[in-house]
Amino acid sequence: MTRRTGPETLRRAASPARLLTLAVLPALLPALFLSVLAVPGARAAESAPTVSLSKKEAGKGGEITVSGKGWRGGALLMLLICGQATPERGVIGGTNSCANGAGRAVTTDEKGAFSKRLPVAEPPEPCPCVVHVATVTGEQASADAAFTVAGHPTAELPRRTGGGKLAVLAATRLEGDSSLLTWFGAPPARRLVFTVGNLGPAPVEDPVFEIGTAHGVYAPQWEERQWRGTVAPGARARIALPVELSAGAHGDYQISLRYGKKVLAEQPWGVGRPWGVTLFWVLLCLVVPAAVFRIGMAVVDRIRPRTGGAHRTAGARPGPAVSKGLPRRTTPVARTARSAAAADADATTAVLPWFTPDSAPSENRPRPTTKGQA
């Protein structure tokens, strides 16, 4: 009797293997799950931005080479030497603790790497110091590398105030008015006023806020503003920070307030157009052509040829205006006082045409006698 092979036989033969797979699969799932989670973590660790220095210590006036990897490709970075900072705690006082005048900017390549020479300068705050590298535009990222400025003072870091937590308790507002200079293009300026409360168990000393200004679809540009004071646990404080736009700014702006990595509040700001600048250009377009026209007419009046006797040669006697035999045309000329008197006498004589030299009465002629007189 022959044995047939078919689907049913194959299914019967595969059933032990299937049972073995089903038994081993639950044991393999945790390991597979951990491996899947470990891969993104490793990639994130590899892509974290790093900074390395050619020297760990140098004096003022020296130079070091700063290199980095893992940054975003084509990102613009800022390199600064900052005091009162460590890689673990970061720059405590913000960029106010850095030697901003000796900072350098660099752009990463396509792979996110860079190398830049940085002059050594003394920061305004004492060491411990770091070389602080941060992005200028786009997604925020930063990294620090420990560095020692030879000969610079050293002091202990301030106490940690990480237990404090600030929150905005009231709506923010912009205070201040525009001056006459703003109407002519001066930078608009206001004060961002808000009230914060400390919800944490520790006091917050000299907090550093960030003010962001956004216009249209552009991302906000952040600037650090430090407030001098202490907010005790459970207490509140009224804070006013200056906000200033660029010269000639107008339109709708969005002012944002950020503390740490959290945006606390946003405030719209409508800035009017500086019509004084427009008026200035309109007047300039009218006054300049008018002035050029007046100058041109004055030049033409000076260089144009003169009429009358100005073209006669020296020593030449003026001839008659018309030839002989033709009636002479009289042209009006300026009369002197004497010619005017003569003309008046002629006019008086012409009024009495019946008097002639022969018929005019004379006192010397004898009167006619009548008949019968001797």
Side-chain angles (χ1 to χ4, degrees), residues 78 89-98 134-142 158-277:
M78 175 181 58
R89 296 185 59 178
V91 183
I92 297 176
T95 55
N96 293 332
S97 304
C98 304
T135 56
V136 178
T137 58
E139 184 180 355
Q140 297 292 325
S142 62
R159 294 182 307 167
R160 286 183 177 270
T161 57
K165 184 179 179 181
L166 297 181
V168 175
L169 303 180
T172 59
R173 63 184 183 275
L174 292 171
E175 293 184 353
D177 297 324
S178 299
S179 62
L180 182 61
L181 296 178
T182 307
W183 202 65
F184 286 93
R190 295 288 190 275
R191 293 189 310 274
L192 182 65
V193 181
F194 56 95
T195 303
V196 297
N198 187 1
L199 306 180
V204 178
E205 299 178 358
D206 299 338
V208 178
F209 297 93
E210 290 181 288
I211 301 295
T213 57
H215 181 54
V217 297
Y218 295 98
Q221 300 293 327
W222 298 96
E223 294 184 2
E224 294 181 349
R225 296 286 188 271
Q226 187 173 17
W227 181 73
R228 299 292 181 179
T230 302
V231 184
R236 62 175 62 189
R238 182 179 181 272
I239 300 176
L241 300 177
V243 181
E244 184 175 350
L245 303 178
S246 58
H250 62 277
D252 296 329
Y253 284 80
Q254 187 79 10
I255 309 301
S256 303
L257 174 67
R258 185 169 69 180
Y259 179 69
K261 300 297 182 181
K262 183 180 179 181
V263 177
L264 300 181
E266 293 181 348
Q267 178 70 29
W269 184 9
V271 184
R273 183 181 294 273
W275 292 107
V277 179

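Both backbone and side-chain heavy atoms feed into the values below; hydrogens, waters and symmetry mates do not. Throughout, numbering of the chain's residues begins at 1 and tracks the sequence.
- Rounding to the nearest 0.5 angstrom, the gap separating the CG atom in L241 from the CD atom in E224 is 12.0 Å.
- Under a 3.5 Å cut-off, the side chain of N198 and the backbone N or O of K165 do form a donor-acceptor pair.
- Counting heavy atoms from C-beta outward, F194 and L264 have side chains that stay 4.5 Å or more apart.
- For E223, the salt bridge (Lys or Arg N to Asp or Glu O under 4.0 Å) partners at least two apart in sequence or on another chain are R225.
- Contacts classified as salt bridge (charged side-chain N to carboxylate O under 4.0 Å, His left out) and involving residues 226-235 (residues at least two apart or in different chains) are given here: D206-R228.
- By the side-chain hydrogen bond (donor to acceptor under 3.5 Å, both in side chains) test, S256 is found to be paired with no residue, residues two or more places apart in sequence or in another chain being considered.
- Counting only heavy atoms from C-beta outward, the side chains of I255 and T213 approach each other to under 4.5 Å.
- In this structure, R236 has no salt bridge (Lys or Arg N to Asp or Glu O under 4.0 Å) partners at least two apart in sequence or on a different chain.
- Atoms CD and CD1, from E205 and I92 in turn, are 11.0 Å apart once rounded to the nearest 0.5 Å.
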inquiry  = Quick one, T172 with V193, criterion side chain to side chain contact (heavy atoms under 4.5 Å, CB included). Give me CA distance, side-chain angles, the key distance, then yes/no.
reply    = CA-CA 6 Å; T172 59; V193 181; over 6 Å; no

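- Panel note: side chain R190, backbone G176; a donor-acceptor pair is recorded below 3.5 Å.
- Of the inter-residue distances, the one linking E244 atom CD with R191 atom CZ reads 13.5 Å to the nearest 0.5 angstrom.
- A donor-acceptor pair under 3.5 Å is formed between the side chain of H215 and the backbone N or O of D252.
- Here the closest non-hydrogen pair linking A214 and Y218 is CB-O, 3.7 Å.
- Residues A202 and P233 approach most closely at C-CG, 3.7 Å, considering heavy atoms.
- In this structure, V243 and W269 have side chains that are in contact, with non-hydrogen atoms separated by less than 4.5 Å.
- Legend: residues meeting side-chain hydrogen bond (donor to acceptor under 3.5 Å, both in side chains) with T135, ordered by chain and number and at least two apart, are absent.
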request  = With side chain to side chain contact (heavy atoms under 4.5 Å, CB included) as the test, would you mind laying out the steps for L174 and L192 before giving the verdict?
outcome  = CA-CA 5 Å; L174 292 171; L192 182 65; 3.7 Å; yes

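- Note: Q226 CD to F209 CZ = 10.0 Å, rounded to the nearest 0.5 Å.
- A 4.5 Å side-chain heavy-atom check between L169 and V196 finds every atom pair outside the cut-off.
- Residues satisfying the salt bridge (Lys or Arg N to Asp or Glu O under 4.0 Å) criterion with R258, sequence neighbours excluded, are E210.
- Closest heavy-atom contact between G94 and C98: O-SG, 3.9 Å.
- Residues V204 and T230 fail the side-chain proximity criterion, which asks for heavy atoms closer than 4.5 Å.
- When all heavy atoms of A249 and P188 are compared, the pair lying nearest together is O-CG, 4.1 Å.
- The two residues P207 and Y259 have their closest heavy-atom pair at CB-CE1, 3.7 Å.
- Closest non-hydrogen pair, P274 versus G185, comes out as CB-N, 3.8 Å.
- The shortest side-chain heavy-atom distance between S246 and P187 does not fall under the 4.5 Å cut-off.
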